[in-house]
Amino acid sequence: MDGPDFGNVSDDTDLVEVEPQKRQEILENKDVVVQRVHFEGLGRTKDDLIMPEICDVFKAKNLIEVMRKSHEAREKLLRLGIFRQVEVLIDTCEGEDALHNGLDVTFEVTELRRLTGSYNTMVGNNEGSMVLGLKLPNLFGRAEKMTFQFSYGTKETSYGLSFFKPQVGKFERNFCLNLYKVTGQFPRSSLRETDRGISTEFNFPIWKTSHTLKWEGVWRELGCLARTASFAIREESGHSLKSSLAHTMVIDSRNSTILPKRGALLKINQELAGYTGGDVSFLKEDFELQLNKQLSWDSVLSTSLWGGMLVPLGDKPSSIADR
């Protein structure tokens with residue numbers, strides 16, 4: 001394409017280039033107003049669930065804050081566990097009521113399916129098992145979740161059904177109901193334990209700590225794995241009913257719960273059984289402490305300490321299942 005010739009740019013011509021730091025200062029000092037926030041892709045999700053998660057976007061005063069608060073809102077939406085994907089689009093505002101510095105923020109979301117499932121097989125510990133899992137995310141449109149898991153093995157069969165309900169606007173406050181059957185084997189003690197129970201949990205944060213209040217009612221069956229089981233194990237065999245109240249406090253400053261490189265963890269748990277029914281009574285206290293320090297050469301020093309005590313209440317001794 002031929003066009004008018006304005007001459008060649010000489011080598012000594014000064015080209016104005018804005019440094020990255022100055023460019024960020026310009027964006028930070030430019031006042032903007034978020035006029036509207038749009039959502040595309042919503043189906044069964046209720047509006048009152050997502051409004052508290054994106055309200056901070058309207059408080060942004062410049063473009064940098066809009067980008068940062070939009071990213072934080074995206075993380076909060078993904079934390080709800082009801083969206084497969086969340087994308088953010090920031091554009092200038094259009095329309096008759098549009099301001100010269102007005103912005104529109106659009107969240108493009110993809111909801112999870114109403115029913116998801118998984119199927120897998122596991123082989124280990126001289127046992128093979130088939131595991132079937134079903135999940136109903138966002139059951140009633142407010143991030144409720146129902147999960148069912150069934151495991152059929154060559155030795156034991158277990159199942160679990162749970163219902164999760166968070167508080168609207170405060171995801172850290174949530175309620176959980178569990179119904180389960182689980183079997184544990186302890187070959188060194190020739191002990192087998194089968195638990196069938198129901199539990200309710202209420203989780204809530206206080207300042208920098210997270211707390212859990214739990215009630216559990218469980219029917220326990222203890223038996224022997226082999227004929228060589230000791231007399232003490234045989235004496236513990238049989239059925240028992242436990243009803244307990246528990247409180248757990250957690251302070252966690254680790255950067256990762258799976259492979260932490262820095263931070264600390266303090267977990268304190270108290271459990272009281274016998275005052276809400278059942279035939280076992282005890283008071284249990286235990287704690288867990290973990291410290292992590294990042295060293296040179298991409299190495300981490302980690303140390304942990306765990307301890308506790310169990311005090312039987314009444315004349316009946318404690319059960320091996322509680323110890």
Side-chain angles (χ1 to χ4, degrees), residues 72 75-76 78-79 81 120 122-127 129 131 147 149 151 158 160 162 164 166 170-174 176 178 180 182-193 195 197 199-216 218 220 225 232-233 236 242 244-273 280 282-313 317-323:
E72 294 174 355
E75 295 298 322
K76 292 180 180 180
L78 289 173
R79 182 189 58 176
N120 56 74
M122 295 187 298
V123 178
N125 297 327
N126 297 322
E127 180 183 8
S129 60
V131 182
T147 306
Q149 187 170 1
S151 176
S158 61
S162 65
F164 174 82
K170 295 181 179 180
F171 187 77
E172 294 82 5
R173 295 176 177 264
N174 53 75
C176 188
N178 303 293
Y180 62 89
V182 62
T183 300
Q185 296 185 359
F186 307 92
R188 292 186 61 183
S189 302
S190 297
L191 175 68
R192 181 183 67 236
E193 178 181 354
D195 295 345
S199 66
T200 59
E201 298 180 14
F202 178 61
N203 302 282
F204 58 95
I206 297 180
W207 195 45
K208 294 183 179 181
T209 64
S210 60
H211 297 258
T212 300
L213 294 178
K214 179 180 180 180
W215 171 83
E216 183 180 30
V218 54
R220 305 178 297 186
L225 281 177
I233 297 297
E236 295 272 6
K242 184 186 79 168
S244 65
L245 296 172
H247 168 259
T248 303
M249 183 193 71
V250 178
I251 303 176
D252 193 355
S253 62
R254 299 173 298 174
N255 64 323
S256 173
T257 58
I258 301 177
L259 294 174
K261 293 185 177 180
R262 59 183 181 276
L265 168 69
L266 175 62
K267 184 177 181 180
I268 302 176
N269 181 70
Q270 305 94 24
E271 184 179 5
L272 178 64
V280 294
F282 63 85
L283 175 64
K284 183 189 295 186
E285 297 273 350
D286 61 83
F287 73 94
E288 179 183 358
L289 177 63
Q290 181 186 119
L291 302 175
N292 302 277
K293 177 67 175 179
Q294 188 172 8
L295 306 177
S296 57
W297 298 299
D298 198 21
S299 59
V300 177
L301 175 64
S302 178
T303 180
S304 59
L305 177 66
W306 181 91
M309 67 174 185
L310 186 145
V311 180
L313 302 179
S318 62
S319 171
I320 188 175
D322 301 316
R323 295 195 301 271

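- Here the shortest heavy-atom pairing between Pro166 and Phe171 reads CB-CD1, 3.7 Å.
- Remark: the backbone N or O of Ser318 is paired with a side-chain donor or acceptor of Arg323 at under 3.5 angstrom.
- Here the side chains of Ser256 and Lys261 are not in contact, with every heavy-atom distance at 4.5 Å or above.
- Taking CG of Leu225 as the start and CG of Leu191 as the end, the distance is 7.0 Å to the nearest 0.5 Å.
- The OG atom of Ser319 sits 9.0 Å away from the CZ atom of Phe282 when rounded to the nearest 0.5 Å.
- The distance from the CE atom of Met249 to the NE2 atom of His211 is 6.0 Å, given to the nearest 0.5 Å.
- Note that CG of Asn203 is 9.0 Å distant from OG1 of Thr248, once rounded to the nearest 0.5 Å.
- Proximity of a side-chain donor or acceptor of Asn174 to a complementary backbone N or O of Glu172 within less than 3.5 Å is detected.
- The environment of Arg173 atom CZ is dense: over 12 non-hydrogen atoms of other residues, nucleotides or ligands sit within 6.0 angstrom.
- Taking 4.5 Å as the limit, every side-chain heavy atom of Asp322 sits out of range of all side-chain heavy atoms of Glu271.
- A donor and an acceptor atom, one from each side chain of Thr212 and Glu201, are nowhere located under 3.5 Å apart.
- In this structure, the side chains of Asn178 and Lys214 stay at 4.5 Å or more apart for every pair of heavy atoms.
- Residues Gln290 and Pro260 have side chains in contact (heavy-atom distance under 4.5 Å, counting atoms from C-beta outward).
- The distance from the CG atom of Asp252 to the OG1 atom of Thr257 is 7.5 Å, given to the nearest 0.5 Å.
- At least one side-chain heavy atom of Phe186 sits less than 4.5 Å from a side-chain heavy atom of Glu193.
- Atom NZ of Lys267 has 12 or fewer heavy atoms from other residues, nucleotides or ligands within 6.0 Å.
- Annotation: side chain of Arg220 is in contact with side chain of Val280 (closest heavy-atom distance under 4.5 Å).
- The two atoms that bring Val131 and Ser151 nearest to each other are CG2-OG, 4.0 Å, heavy atoms only.
- Atom CG of Asn269 is separated from atom CG of Asp286 by 4.5 Å, given to the nearest 0.5 angstrom.
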Would you be so kind as to tabulate the donor-acceptor pairs closer than 3.5 Å made by side chains of residues 295-313, with sequence neighbours excluded?
unit_1 : atom_1 : unit_2 : atom_2 : d
Ser299 : OG     : Ser296 : O      : 2.6
Ser302 : OG     : Asn292 : OD1    : 2.9

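- Side-chain atoms of Ser158 do not come within 3.5 Å of backbone N or O of Thr183 as any donor-acceptor pair.
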